[in-house]
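These numbers come from a predicted model, not from an experiment. Along the sequence shown, the residues carry numbers beginning at 1. In what follows, every heavy atom counts, from backbone to side chain, and hydrogens, waters and symmetry copies are set aside.
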Amino acid sequence: MPIKINNINLDINDDISLLKKRAAKKLKIKESDIKEFKILRESIDARRKNTIRFNYTVELICDDESKIVAKANDNNVRIEKVKYDGVFEYGTKKMSNRPIIVGMGPAGMFAGLIMAEKGYKPLILERGQDVDNRTKSVEKFWKTGVLNLNSNVQFGEGGAGSFSDGKLTTRIKDSRCDYILEKLVKFGAPEEIIYKGKPHIGTDVLKVVVKNIRKRIIELGGEVRFNSFVEDIIIKNGNIISVTVDKGEIPCENLILAIGHSSRDTYEMLCNKGVFMTPKPFAIGVRVEHLQQMINENQYGKFANHPRLKAADYRLTYTSKNSNRSVYSFCMCPGGEVVAAASENERLVTNGMSYHKRDKTNANAAIVVSVGKDDFQGSSPLMGMEFQRHYESLAYKVGGGGYKAPIQLLGDFMKDEISKKFGSIKPTYRPGYKFVNLKECLPSYVIETLKEGFVNFDKKIRGFGSKDAILTGIETRTSAPVRIERNEKLQSISIKGLYPAGEGAGYAGGIVSAAVDGLKVAESIMKEYTPKY
């Protein structure tokens, strides 16, 4: 069994070759005794700006591992646990039809991949286009304001994550996380994502990875159909029996629903069909842009441009003393841009995106305020979704139409004044903007909590409250506005054979956690059914 060692530190200018030597010293063995050695995690400790260090977790193999661990007598040294390998016992029930997966985002993609690997030959239905044609549709939208309702930043191969920073951080503790990172590397992601403390892929690399995963699914007997919007599900005696797409009806008894957090028309269809769901809290606010160099200098001090350091990020949280609401940074994109992320006509929403190199001039992040069912009107489980729609429609109208974004400089936002010109920071949002007062398209309690938050964040990152910082409205898609309730087998509690999965079902909050949920749902089906038809 491998030995795992936590908390080995190197100074920023130390050579990486020292790592193996220090691991051997910790174990009280010779460096030559180590047969295999690899880095599991690398994180930056920048708490002291004049002494930046890298902290490592490593794994190694040598003879008599248990004896060596006992002799080391160190809390940071232990035998590594067995990793997830996707091996389990198949069920014995026979399926009449192959399983169907709706959505080719992280949850649907990884559910499809593992089912294809195990011989279940899944059919994946994706309402949007393949990632290459989808990219063309998105670029057209950003240039002209002409929106493709089924293939955009939210819908299409790869899901919403394909047009983001491609963050792979997650707070969940699940052995499947490492399995997913290893699969991403196998299909084209850089190997560093396995050990970096805050791994990311970037939109450019992620597009390559998702294409390779799709090709592998097809090689293994699975099928992926693009431009295939599921209009309806057919239910008989509480069981799902088929799905309807524009080309006709497809029979199935096991349907994985990995639709993403923006499939509002599908939510409406499911609600009308009696699928039990509940409203879920989320957060709304704005995107803020600063110069990336300012963030680097605040986070890294004199080492800001050191070759071993990439563009710095941040994570900020605060609880308002006045409203008792949380205000926090979300989906921070170092060296990135703010993008138009609409998926419905005349409703405006933003997102952040970075390429793998994160080498653009600006840093951006959503600064958002928590909202919940007490803020929504009505009794429908979709009232949170309608709340999102209301403010997205206001943002579109206030921006002047054509998906031009409402924009305000932070200094003017704090004074309730409409901005007249930009300062040292230029906006990255396309297809255009209009100077407005953002209070016209956000609730008053969100505006006041944002103001309070910016004052607090400026104390943590000097310059964060700069009057030149750009606020672009609005951000609403921080997470799904509903949760589709499911039982211990991960099935819908109201429809047998329907498996809600991932972020759109309300059970995940990012690429890796959605992929993990997709694996878990696929496993649940495979543990009950045989791959033989």
Side-chain angles (χ1 to χ4, degrees), residues 1-88 167-186 189-200 299-301 303 306-310 312-313 315 317 510 512-513 515-516 519-520:
M1 297 289 288
I3 298 174
K4 182 176 181 178
I5 307 176
N6 293 317
N7 295 320
I8 301 178
N9 293 311
L10 294 181
D11 288 338
I12 192 168
N13 291 315
D14 284 342
D15 193 281
I16 194 72
S17 62
L18 287 173
L19 200 54
K20 191 174 180 181
K21 184 176 182 178
R22 292 190 180 176
K25 184 178 179 180
K26 220 172 192 13
L27 295 178
K28 301 173 184 177
I29 62 175
K30 296 176 182 177
E31 192 174 343
S32 58
D33 292 335
I34 299 174
K35 295 180 177 180
E36 294 181 27
F37 182 87
K38 70 177 180 179
I39 299 171
L40 294 181
R41 291 287 181 271
E42 176 193 79
S43 59
I44 299 171
D45 182 353
R47 289 172 294 179
R48 298 177 182 177
K49 300 297 184 288
N50 292 322
T51 314
I52 291 182
R53 291 183 172 183
F54 285 83
N55 181 274
Y56 292 92
T57 297
V58 301
E59 180 183 275
L60 56 90
I61 293 176
C62 54
D63 293 329
D64 298 321
E65 283 101 347
S66 297
K67 184 177 178 181
I68 288 170
V69 169
K71 184 180 177 182
N73 192 25
D74 187 323
N75 290 333
N76 288 312
V77 178
R78 59 182 172 84
I79 297 293
E80 177 66 310
K81 295 177 181 178
V82 176
K83 294 183 178 180
Y84 173 84
D85 57 7
V87 175
F88 46 83
K167 282 181 178 55
L168 302 174
T169 49
T170 179
R171 295 181 191 176
I172 66 171
K173 302 295 183 184
D174 192 302
S175 59
R176 296 175 184 83
C177 293
D178 291 334
Y179 173 86
I180 287 160
L181 295 180
E182 288 168 5
K183 287 290 185 183
L184 291 172
V185 169
K186 178 181 178 180
E191 193 170 354
E192 66 182 31
I193 67 168
I194 291 176
Y195 61 83
K196 287 287 185 183
K198 297 178 180 179
H200 89 289
Q299 301 297 67
Y300 297 144
F303 294 104
H306 194 283
R308 285 202 67 191
L309 298 173
K310 308 295 185 182
D313 64 1
R315 183 171 176 268
T317 61
V512 172
S513 61
V516 165
L519 288 178
K520 289 163 69 175

**Fill in**
For residues 68-87, the ring-ring contact (aromatic ring centres under 6.0 Å, His included) pairs (sequence neighbours left out) are Tyr84-Tyr179
**Request:** Report the distance from atom CG of Leu184 to atom CD1 of Ile193, rounding to the nearest 0.5 Å.
**Result:** 4.5 Å
**Asked** Between CD1 of Ile52 and NE2 of His306, what distance do you get to the nearest 0.5 Å?
**Response** 8.5 Å
**Asked** What are the two closest heavy atoms between Ile180 and Ala515, and how far apart are they?
**Response** CD1-CB, 3.5 Å
**Request:** Identify whether the distance between the nearest side-chain nitrogen and carboxylate oxygen of Glu192 and Lys310 falls below 4.0 Å.
**Result:** no
**Fill in**
In short, ring-ring contact (aromatic ring centres under 6.0 Å, His included) pairs touching residues 23-72 with sequence neighbours left out are none
**Message:** Does this structure show an ion pair linking Arg41 with Asp178, if we count only N-O contacts that are shorter than 4.0 Å?
**Reply:** yes
**Prompt:** So, Arg53 and Asp14, do they make that salt bridge, N to O below 4.0 Å?
**Reply:** no
**Prompt:** How many angstroms lie between CD1 in Ile12 and CZ in Arg308, if you round to the nearest 0.5 Å?
**Reply:** 7.0 Å
**Message:** List the residues meeting side-chain hydrogen bond (donor to acceptor under 3.5 Å, both in side chains) with Lys4, not counting sequence neighbours, and say none if there are none.
**Reply:** none
**Item:** Residues in salt bridge (Lys or Arg N to Asp or Glu O under 4.0 Å) contact with Lys198, at least two apart in sequence or another chain
**Value:** Asp313
**Message:** Keeping Arg22 on the side-chain end and Asn9 on the backbone end, is there a donor-acceptor pair under 3.5 Å?
**Reply:** yes
In a table with atom names and distances, give each donor-acceptor pair under 3.5 Å that connects a side chain of residues 69-80 to protein atoms at least two apart or in another chain.
from	atom 1	to	atom 2	distance (Å)
Asp74	OD1	Asn76	N	2.7
Asp74	OD2	Lys26	NZ	3.2
Asn76	OD1	Asn7	ND2	3.0

**Request:** Could you pull out all residues at least two apart from Asp85 that satisfy side-chain hydrogen bond (donor to acceptor under 3.5 Å, both in side chains)?
**Result:** none
